[in-house]
Amino acid sequence: MADSTARTGSDAAPLVHAVNVTKAFHGNEVLKGIDMDVARGEVVVLLGPSGSGKTTFLRCINQLETIDGGRIWVDGDLMGYEDRGGVLHHLTDKQIAGQRREIGMCFQRFNLFPHKTVLENIIEAPTQVKGVSKAEATARALELLEQVGLSDKPAAYPSQLSGGQQQRVAIARALAMDPKLMLFDEPTSALDPELVGEVLKVMRDLAEGGMTMIVVTHEMGFAREVADRVVFMDAGVVVEQGPPSEVIGNPQHARTRAFLSRMR
Ligand code: ADP
């Protein structure tokens with residue numbers, strides 16, 4: 001497939017370039033041809049009703065799901081392998097792990113290792129996957145803990161932390177791999193309401209620091225204030241997109257208006 005701009009990986013090219021992505025589960029088409037570009041440093045919030053395909057799309061970017069059709073490039077790298085006939089093949093687990101290294105993901109559930117301390121959780125991937133020395137990984141982990149407001153917790157175990165603190169550790173753990181792109185899948189929806197703000201603050205700081213982010217969330221305040229662009233999905237398609245002031249403030253489509261009226 002001719003797409004030289006995506007392949008150059010130059011600064012001007014989008015960091016994420018998704019073209020006509022389709023995905024079905026057992027004949028149920030969940031993504032029906034998603035096109036999406038995300039520029040470097042851009043913060044995109046994906047909004048949409050439950051079941052519209054937001055999580056599946058994030059998982060496709062990270063190759064936690066294999067796509068049925070279309071193409072996704074991240075920083076000029078095709079997610080997958082195209083043969084000379086132009087057919088997309090999926091990579092081996094090892095090759096996927098290599099591509100995924102530069103993509104951080106935070107889920108609704110934090111998935112920290114329960115028997116490791118906060119510090120051990122954060123240095124695990126840099127030391128095991130990237131071969132960073134323990135001393136260097138520890139120094140970086142302590143910086144990241146400071147960044148997420150947890151510099152007093154390196155020796156704590158996940159069970160000793162609140163949900164908001166655990167999610168901040170999970171963000172620090174993802175950042176420890178120096179990702180180019182951060183994907184967030186409803187990072188605050190499992191939290192008690194009083195803990196949501198501390199996680200959103202860390203994400204806001206990250207956005208202000210220039211991280212490229214795609215965020216699935218129902219937090220409309222975050223979408224309004226932090227997103228450069230809001231993408232509204234419904235039933236596997238992008239219905240509309242634009243700056244939050246337009247998509248949230250003045251939605252053009254009935255489906256967007258119906259969704260937003262339920263959120264208020
Ligand atoms: P959203 O994130 O917008 O709530 P999802 O991407 O989670 O939507 O789900 C979209 C649709 O795909 C839903 O109907 C869901 O049940 C279905 N789905 C997601 N993952 C799987 C799976 N592993 N197997 C079967 N169906 C799935």
Side-chain angles (χ1 to χ4, degrees), residues 1-48 51-107 129 174 177-186 211-216 227-242 247:
M1 192 163 136
D3 202 321
S4 55
T5 47
R7 281 183 181 162
T8 59
S10 75
D11 287 353
L15 186 69
V16 179
H17 181 53
V19 181
N20 199 21
V21 173
T22 56
K23 174 70 184 173
F25 293 109
H26 317 296
N28 171 28
E29 199 169 40
V30 167
L31 299 178
K32 297 175 183 160
I34 301 287
D35 293 321
M36 197 180 300
D37 281 0
V38 180
R40 286 158 210 278
E42 193 179 21
V43 178
V44 172
V45 165
L46 293 186
L47 289 181
S52 54
K54 306 179 299 294
T55 293
T56 302
F57 183 62
L58 283 193
R59 290 171 59 85
C60 289
I61 294 174
N62 209 13
Q63 299 182 81
L64 289 166
E65 302 288 352
T66 53
I67 62 178
D68 298 335
R71 299 287 186 272
I72 300 175
W73 287 264
V74 176
D75 201 18
D77 272 350
L78 179 65
M79 300 290 104
Y81 152 76
E82 206 173 80
D83 67 21
R84 279 199 272 173
V87 176
L88 186 70
H89 298 275
H90 303 303
L91 300 174
T92 63
D93 287 351
K94 198 172 167 192
Q95 290 167 321
I96 288 176
Q99 291 193 323
R100 203 181 273 155
R101 233 180 253 190
E102 305 203 303
I103 305 173
M105 185 148 183
C106 286
F107 303 88
V129 179
M177 290 294 279
D178 284 325
K180 291 177 178 165
L181 169 69
M182 284 287 290
L183 307 175
F184 290 91
D185 190 8
E186 299 201 28
M211 179 61 76
T212 310
M213 298 167 44
I214 307 178
V215 183
V216 174
D228 296 303
R229 181 157 48 107
V230 170
V231 176
F232 176 72
M233 285 177 63
D234 192 15
V237 300
V238 173
V239 175
E240 66 180 297
Q241 58 180 307
V247 176

Dump the intermediate steps for side chain to side chain contact (heavy atoms under 4.5 Å, CB included) on M36 and V19, then the final yes or no. CA-CA 7 Å; M36 197 180 300; V19 181; over 6 Å; no

Not counting sequence neighbours, which residues clear side-chain hydrogen bond (donor to acceptor under 3.5 Å, both in side chains) with K180? List them please. D75, E102

Output all residues satisfying side-chain hydrogen bond (donor to acceptor under 3.5 Å, both in side chains) with R229, sequence neighbours left out; order by chain, then residue number. E42, Q241

Could you check if a side-chain atom of T56 sits within less than 4.5 angstrom of a side-chain atom of F25, using non-hydrogen atoms only? yes

CA sep, side-chain torsions, deciding dist, call: V74, Q99, side chain to side chain contact (heavy atoms under 4.5 Å, CB included): CA-CA 9 Å; V74 176; Q99 291 193 323; over 6 Å; no

Mind checking the CD-OG1 spacing from E29 to T22? Nearest 0.5 Å is all I need. 6.0 Å

Heavy atoms of G48 and F232 approach each other most closely as CA-CE1, 3.7 Å

Gap separating the CH2 atom of W73 from the CD1 atom of I61, nearest 0.5 angstrom: 13.5 Å

Could you report the tightest heavy-atom contact between M105 and N62, atom names first, then the distance? SD-ND2, 3.5 Å

Does a sphere of radius 6.0 Å around CG in D83 hold more than 12 heavy atoms from other residues, nucleotides or ligands, not counting ones at 6.0 Å or beyond? yes

Examine distances only and state if a side-chain atom of K23 and a backbone atom of T66 form a donor-acceptor pair shorter than 3.5 Å. yes

Within the 4.5 Å heavy-atom criterion, are Y81 and H90 side-chain neighbours or not? no

Would you say that I103 contacts L183 through its side chain, given a criterion of any heavy-atom pair below 4.5 Å between the two side chains? yes

Spacing of I34 atom CD1 and I67 atom CD1 [to the nearest 0.5 Å]: 11.5 Å

Rounding to 0.5 Å, atoms CD (E186) and SG (C106) come to a distance of 13.5 Å

Only one of L15, T212, V231 passes side chain to side chain contact (heavy atoms under 4.5 Å, CB included) with V38; say which it is. T212

Is the shortest side-chain heavy-atom distance between D35 and V238 below 4.5 Å? no

Search all heavy atoms of R100 against all heavy atoms of Q63 and return the closest pair with its distance. NH2-O, 2.9 Å

Which heavy atom in L88 sits nearest to a heavy atom in L78, and how many Å separate them? CD1-CD2, 3.9 Å

Can you tell me if S52 uses its side chain to pair, donor with acceptor, with the backbone of G236 under 3.5 Å? no

Are the side chains of H17 and I72 in touch, meaning some heavy atoms are under 4.5 Å apart? no

D228 (side chain) donor-acceptor with V43 (main chain) under 3.5 angstrom: yes

Backbone N or O of A24 within a donor-acceptor pair of the D68 side chain at under 3.5 Å? yes

If you measure from the Lys or Arg side-chain nitrogens to the Asp or Glu carboxylate oxygens, is any gap between E82 and R71 under 4.0 Å? yes

Can you name the closest pair of heavy atoms from I214 and L46 and give their distance? CG2-CG, 4.0 Å

Nearest heavy-atom neighbours spanning L47 and V230: CD1-CG1, 3.6 Å

Non-hydrogen side-chain atoms of V129 and R101 separated by less than 4.5 Å: yes

So does T92 get a backbone contact from the side chain of Q95, meaning a donor-acceptor N/O pair under 3.5 Å? yes

